[in-house]
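First the structure, in the form of structure tokens, and then the observations on it.
For the numbers below, each heavy atom of this structure counts, side chains included, while hydrogens, waters and symmetry mates do not. Residue numbering restarts at 1 for every chain, and letters A, B, ... go by the order of the sequence lines.
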Protein chains: 4
Amino acid sequence: MIREKVTDRDNALFEAGIKLGALYHQFTGSPVNLDTVSSLEHAIQESISVQPYVKEISVKIDRDMLKSRLNNEFGYTELQGLMLDVKITVKFGSVKVKVGMKYNAELNYPLMKIDELEELEETSN
Amino acid sequence: MIREKVTDRDNALFEAGIKLGALYHQFTGSPVNLDTVSSLEHAIQESISVQPYVKEISVKIDRDMLKSRLNNEFGYTELQGLMLDVKITVKFGSVKVKVGMKYNAELNYPLMKIDELEELEETSN
Amino acid sequence: MIREKVTDRDNALFEAGIKLGALYHQFTGSPVNLDTVSSLEHAIQESISVQPYVKEISVKIDRDMLKSRLNNEFGYTELQGLMLDVKITVKFGSVKVKVGMKYNAELNYPLMKIDELEELEETSN
Amino acid sequence: MIREKVTDRDNALFEAGIKLGALYHQFTGSPVNLDTVSSLEHAIQESISVQPYVKEISVKIDRDMLKSRLNNEFGYTELQGLMLDVKITVKFGSVKVKVGMKYNAELNYPLMKIDELEELEETSN
């Protein structure tokens, strides 16, 4: 067992994970239909963008999946993790990381993963 | 003890309560600052408007309270119940009810209450 | 249009609705499997029981539905509204109301409804 | 700019962040008082423990802070991030990481951080 020193890279990944976990558990369950989906996407994006170290964020809700799940009687559904396509760029010190969440059909799971990792040569915010 | 028949009025009040409880527990905790507060207000309003029997809804987040709670280090805070001023009109059958949630300073509590109750003479959606 | 005075009965129904809306949007989305479902049921029950005017509450999560939705890869799922069977008794002044939420297969919807309504002859808390 | 390959260490940190973000945004807002705080702690702990790669988790809610925030009129409050003391151990491949969330009085913020990081010499689940 070797104890390691915590690096910018470690913190960048940790912070990126926090944002995805927060987004998911804050906003899934929100009532939504095709008329209101844009305002929900926009608000989620803006809300998570105010958290520390977030540089960019894009949030897309799958309209086809949403449409297929609208309740026949009441004409709406709830935001589910499976509908979300999210990309977040986090920068911590000298490291920039892009992470995302996207429905993985094989696993039938809204999979969160690390998409890209860069060690920047100089640190500028 | 007298068992009572459930009326439109009963259902209107019950449905109105559901909407306020849902709104509160779905959206409090959302990260927010002064730049993003409008999109959050708008999304909450639209989200709850798709639920059954909602005729009108207005959602205001108190900017002064929000500003006073911004974290010094990170420049944002979370939506708290105390910041919310909500008015919802629900119609069920022949009854229309206006309910609201607003910070009550004396109780230090985001108080939900029935503001207005009307039995309509004819039912039209 | 006739404006009506707000009665204990109105408030009992309104408060009962608040509790169901709150429960649903606070706790759906919680990670859960067959080993942890009891502690989640228990905590939901206790949590909502502390809210004003709640006299009794029972929360059941459908094990069969839960089991059928466990993710093959990761062995857990999330609490969904469809899995919930909830009964709440609220008392406001001279009125006691029993409300509930239960999956309605025909509507494919977690339906909330008023189950019983009693005007008590004398008011005792 | 140097693109980096994603390691077990990166994934361990990313997954650990997800768990803390999820826990925070799923459970803050839950109604709670001194009689029900234990069942809430227990349920949060069990709920997050079912998520992928979690090896250990401890959740403590600060009783003093809770007590100081009980509403005078209604005798309960809501779980706030500031009340939480959480420790989570995540293992991904050959790396084990301990992360935590704890109220930081100086920042007046529920700070999440990496507490310990170990590269294991051999991988065993």
Given the options C/Asp10, C/Val6, C/Thr28, C/Leu23, which has more heavy-atom pairs under 4.5 Å with chain B than any of the others? C/Asp10

Within residues 77-89 of chain B, the residues sitting under 4.5 Å from chain C by heavy atom, in sequence order, are none

So if I take each residue of residues 42-53 of chain C and look for any heavy atom under 4.5 Å from a heavy atom in chain B, which residues do I end up with? C/Gln51, C/Pro52

Less than 4.5 Å apart, any side-chain heavy atom of B/Thr7 and any of C/Arg9? yes

Residue part contacting chain C, namely of B/Lys5, when any heavy atom lies under 4.5 Å: backbone

Between B/Glu118 and C/Glu4, is any pair of side-chain heavy atoms under 4.5 Å apart? no

Sort out for me which residue in C/Lys19, C/Met101, C/Met112, C/His25 forms a side chain to side chain contact (heavy atoms under 4.5 Å, CB included) with B/Ile18. C/Met112

Side chain, backbone, both or neither: which part of C/Ile114 has an atom under 4.5 Å from a heavy atom of chain B? both

Heavy-atom distance under 4.5 Å to chain C: side chain of B/Val97, backbone, both or neither? neither

